[in-house]
Amino acid sequence: MKRSRWILIGLPFLAIAVAGGLYGYASRHPAPVQPIAFSHAAHAGKRQISCIYCHQGVATTAHATIPAVETCYECHRVVMPTNPDVQKVMAAYQQKEPIRWIRVTNLPEYVRFNHMRHIRKGVSCTSCHGDVARMDRVVKARALTMGECLQCHNQMKAPTDCFTCHY
């Protein structure tokens with residue numbers, strides 16, 4: 001009886017602490033307002049478009065490229081062309097202007113991160129970026145600290161010498 005009372009008293013406090021921690025992290029890393037309302041939940045989730053289709057450079061270069069307006073245009077010249085946000089894509093394409101997406105994940109300048117290496121080793125995008133396929137507006141899902149990276153490298157038995165990641 002005594003034990004169950006402590007559990008009943010403790011569970012709400014635990015729930016509040018977890019919710020507070022998540023709220024605190026999310027409030028420090030809010031989803032930026034993008035120039036075009038783009039839902040990853042609709043594209044990567046509902047339609048199951050691969051991350052690599054839009055972020056093409058991720059599999060072949062060190063950097064995950066931000067999608068070119070041509071990538072968006074190829075589908076949206078046919079799909080939902082009258083949608084106001086799609087019309088912004090069309091205008092950018094016709095004016096030969098890039099869409100000025102706001103980067104969600106920024107690492108310090110002294111950190112060298114190679115997306116291609118991780119993709120080739122089979123590391124899922126969700127490992128670092130969270131379940132983007134459920135996000136309408138993408139948030140920075142993890143802090144991406146050196147400790148997190150080292151922990152993952154140790155689990156995967158990947159190299160962890162300083163010059164792997166630092167200039």
Side-chain angles (χ1 to χ4, degrees), residues 22-23 25-153 155-156 158-159 163-167:
L22 290 173
Y23 174 78
Y25 185 81
S27 65
R28 288 190 308 275
H29 304 287
V33 177
Q34 297 292 350
I36 295 174
F38 177 87
S39 170
H40 277 81
H43 290 80
K46 185 177 179 183
R47 290 175 185 81
Q48 298 185 344
I49 298 170
S50 167
C51 302
I52 296 171
Y53 180 78
C54 297
H55 300 278
Q56 295 170 358
V58 76
T60 57
T61 68
H63 305 287
T65 53
I66 304 250
V69 70
E70 291 83 4
T71 303
C72 305
Y73 174 81
E74 281 307 312
C75 292
H76 284 294
R77 63 191 170 105
V78 177
V79 178
M80 299 173 61
T82 60
N83 176 289
D85 281 304
V86 172
Q87 288 183 350
K88 292 178 187 177
V89 170
M90 297 303 156
Y93 179 80
Q94 289 165 354
Q95 295 164 7
K96 298 184 180 1
E97 288 288 326
I99 298 168
R100 306 264 183 229
W101 299 111
I102 299 168
R103 189 172 289 280
V104 175
T105 303
N106 288 305
L107 296 175
E109 285 184 26
Y110 55 84
V111 175
R112 174 181 41 191
F113 181 84
N114 189 315
H115 277 90
M116 176 179 63
R117 282 183 175 173
H118 289 81
I119 296 295
R120 287 187 178 169
K121 290 290 183 181
V123 177
S124 169
C125 301
T126 60
S127 298
C128 299
H129 298 289
D131 192 359
V132 173
R134 290 182 166 209
M135 297 179 197
D136 278 315
R137 284 178 49 199
V138 174
V139 297
K140 185 176 178 183
R142 295 184 57 188
L144 300 176
T145 62
M146 184 169 78
E148 285 182 334
C149 295
L150 286 173
Q151 182 180 15
C152 186
H153 273 236
Q155 288 173 350
M156 303 295 285
F163 297 108
T164 300
C165 303
H166 294 274
Y167 290 102

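Index from 1, following the sequence.
Of the inter-residue distances, the one linking Gln94 atom CD with Gln87 atom CD reads 10.0 Å to the nearest 0.5 angstrom. Interatomic distance, NZ of Lys140 versus CG of Asn106, reported as 7.5 Å (0.5 Å rounding). Atom CD1 in Ile36 sits 12.0 Å away from atom CZ in Arg100 (nearest 0.5 Å). The line from SG of Cys75 to CE of Met80 is 12.0 Å long, rounded to the nearest 0.5 Å. A distance of 7.5 Å separates CG in Leu107 from CZ in Phe113, rounded to the nearest 0.5 Å. Atom CD1 of Ile52 is separated from atom OG1 of Thr60 by 9.5 Å, given to the nearest 0.5 angstrom.
Relative orientation of the His43 and Phe38 rings is parallel, given thresholds of 30° and 60° on the angle between their planes.
Side-chain contact between Pro67 and His55: present, with at least one pair of heavy atoms (C-beta onward) separated by less than 4.5 Å. Put simply, the side chain of Ile119 reaches to within 4.5 Å of the side chain of Cys125, judged on heavy atoms. Proximity of Lys121 to Met156: side-chain heavy atoms (C-beta onward) are nowhere separated by under 4.5 Å. Side-chain atoms of Asp136 and Ser39, non-hydrogen and from C-beta on, do get closer than 4.5 Å to each other.
Considering every non-hydrogen atom in both Thr61 and Asn114, the closest pair reads O-OD1, 4.0 Å. In this structure, Thr65 and Gly57 approach most closely via the heavy-atom pair OG1-N, 3.0 Å. When every heavy atom of Val139 is checked against every heavy atom of Ala31, the shortest pair comes out as CG1-CB, 3.4 Å. Here the closest non-hydrogen pair linking Ala41 and Arg134 is CB-C, 3.9 Å. The nearest pair of heavy atoms linking Asp131 to Thr126 is CA-CG2, 4.3 Å. Minimum interatomic distance between Gln34 and Ile102 (heavy atoms only, all atoms of both residues): OE1-N, 2.6 Å.
Using modelled atom types, no side-chain atom of His115 and backbone atom of His63 make a donor-acceptor pair closer than 3.5 Å. Between the side chain of Gln56 and the backbone N or O of Tyr53, at least one donor-acceptor pair lies under 3.5 Å. Distance alone, capped at 3.5 Å, is enough to place a donor-acceptor pair between the Glu148 side chain and the Leu144 backbone.
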Practice problem: Go through the steps for Val104 and Arg137 under the test side chain to side chain contact (heavy atoms under 4.5 Å, CB included), then give the verdict. | Solution: CA-CA 10 Å; Val104 175; Arg137 284 178 49 199; over 6 Å; no
